[in-house]
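Per chain, numbering begins at 1; letters A, B, ... match sequence-line order.
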2 protein chains.
Amino acid sequence: MKQQEVFKAMADPTRRAILKRLQDGALTAGEIGETFDITAASLSHHFAVLKRADLVRTERRGQFIVYSLNSTVFEDLARMLFDLFPGRGRSGDQS
Amino acid sequence: MKQQEVFKAMADPTRRAILKRLQDGALTAGEIGETFDITAASLSHHFAVLKRADLVRTERRGQFIVYSLNSTVFEDLARMLFDLFPGRGRSGDQS
DNA sequence: GCAATATTTAGATATTTGTCTAATTATCTA
DNA sequence: TAGATAATTAGACAAATATCTAAATATTGC
């Protein structure tokens, strides 16, 4: 789990908006792009960052590439937070 | 609550390390600095970012400035996450 | 195989950001 | 008040990054 990649990925508002759009289910790159006012190339860059952080999964469906939230990282993400802000129940480390 | 400031602040490894150092209690800028191999000026910049994100609180104690974790933002941070990765119990919005 | 569509990759550029040195501000103590 | 110590601010610079246009790759359907 690349903590740094995850935090970096979350630091951009466009990428957080992408994650938010994926909450209601998987979407193709193009469908996601409709909502944003940037080129497909820029979007693709953001997808790459999200993938590297393992925040989204991809699956090719014919001509399209379908993106979906990888909710399994949620646990890791939560763990990181609890690790950074303790005194709330947990204690473990592993930075 | 400036979501963007918070995520940006968390995106830097030095700043996360600062937060971690503060887990065991408040420390002066100098004490925190001992652990890091960067100048006081650079550290000060990181403090400014953390303050802007409301992740730390400061208090002048004589010659020193004491930093401490602001654990109240934890709730906001957690809320942001639950908001980004739903289907785990909560639903609310407010991006 | 070829044209059309979907997406990514390559390369360029402007902005942001982390770091540094030097200078400034605030506080203490002699 | 002067000197020392703690920390921040100012200004410069290099590295990282978000964006763009143009070109490349993958897939479909004729």
Inset, instruction - Over all heavy atoms of both residues, which pair between B/A26 and B/V66 is shortest? Give the atoms and the distance, please. - result: CB-CG1, 3.4 Å

Inset, instruction - Could you tell me which non-hydrogen atom of A/E5 sits nearest to which non-hydrogen atom of A/A53, and how far apart they are? - result: O-CB, 3.6 Å

Legend entry - Sub-4.5 Å side-chain heavy-atom contact between B/R79 and B/Q3: no

Inset, instruction - Would you kindly give the NE2-to-C1' distance between A/H46 and C/dT9, to the nearest whole Å? - result: 16 Å

Inset, instruction - For C/dC20, take OP1 and OP2 only and decide whether either is under 4.0 Å from a side-chain N or O of B/T39. - result: yes

Inset, instruction - Say whether, by atom type as modelled, one donor and one acceptor occur between the side chain of B/Q4 and the main chain of A/A11 under 3.5 angstrom. - result: yes

Inset, instruction - With rounding to the nearest 0.5 Å, note down the distance linking OG1 in B/T58 to NZ in B/K51. - result: 3.0 Å

Legend entry - chain A contact limits on DNA chain D, taken 5' to 3' with a cut-off of 4.0 angstrom to heavy atoms: D/dT17 to D/dT28

Inset, instruction - Figure out the CD/C1' separation between A/E59 and C/dA6, and round it to whole Å. - result: 15 Å

Inset, instruction - Check whether any side-chain heavy atom of A/M10 lies under 4.5 Å from a side-chain heavy atom of A/L19, and answer yes or no. - result: yes

Legend entry - Whichever of A/I38 and B/S44 has its nearest DNA chain D nucleotide further upstream toward 5': B/S44

Inset, instruction - Using a 4.0 Å heavy-atom cut-off across all strands, classify A/A29 as base, sugar-phosphate, or nothing. - result: sugar-phosphate

Inset, instruction - Establish, with yes or no, whether the OP1 or OP2 oxygen of C/dT8 is under 4.0 angstrom from a side-chain nitrogen or oxygen of A/Y67. - result: yes

Between the protein and nucleotides 26-30 of chain C, which nitrogen or oxygen pairs come in under 3.5 angstrom?
from: C/dA26; atom 1: O3'; to: B/R60; atom 2: NH1; distance (Å): 3.4

Inset, instruction - Over all heavy atoms of both residues, which pair between B/D54 and B/N70 is shortest? Give the atoms and the distance, please. - result: O-ND2, 2.8 Å

Inset, instruction - Select base, sugar-phosphate, or nothing to describe what A/F36 touches, counting heavy atoms under 4.0 Å on all strands. - result: nothing

Inset, instruction - Kindly compute the distance separating NE2 (B/H46) from CZ (B/F36), expressed to the nearest 0.5 Å. - result: 8.5 Å

Inset, instruction - Check for a donor-acceptor pair, side chain of A/R21 on one end and backbone N or O of A/E31 on the other, with a separation under 3.5 Å. - result: yes

Legend entry - Spacing of CG belonging to A/L50 relative to NZ belonging to A/K8, to within rounding of 0.5 Å: 14.0 Å

Give me, pair by pair, the N or O atoms of the protein and of nucleotides 12-16 of chain C that are less than 3.5 Å apart, along with how far apart they are.
none

Inset, instruction - Check A/Q23 against B/L84 and note the closest heavy-atom contact, atom names and distance. - result: NE2-O, 3.3 Å

Inset, instruction - Specify the separation, in whole Å, of atom CG of A/L27 and atom C1' of C/dA6. - result: 15 Å

Inset, instruction - Using whole Å, report how far CD1 of A/I65 lies from C1' of C/dT5. - result: 13 Å

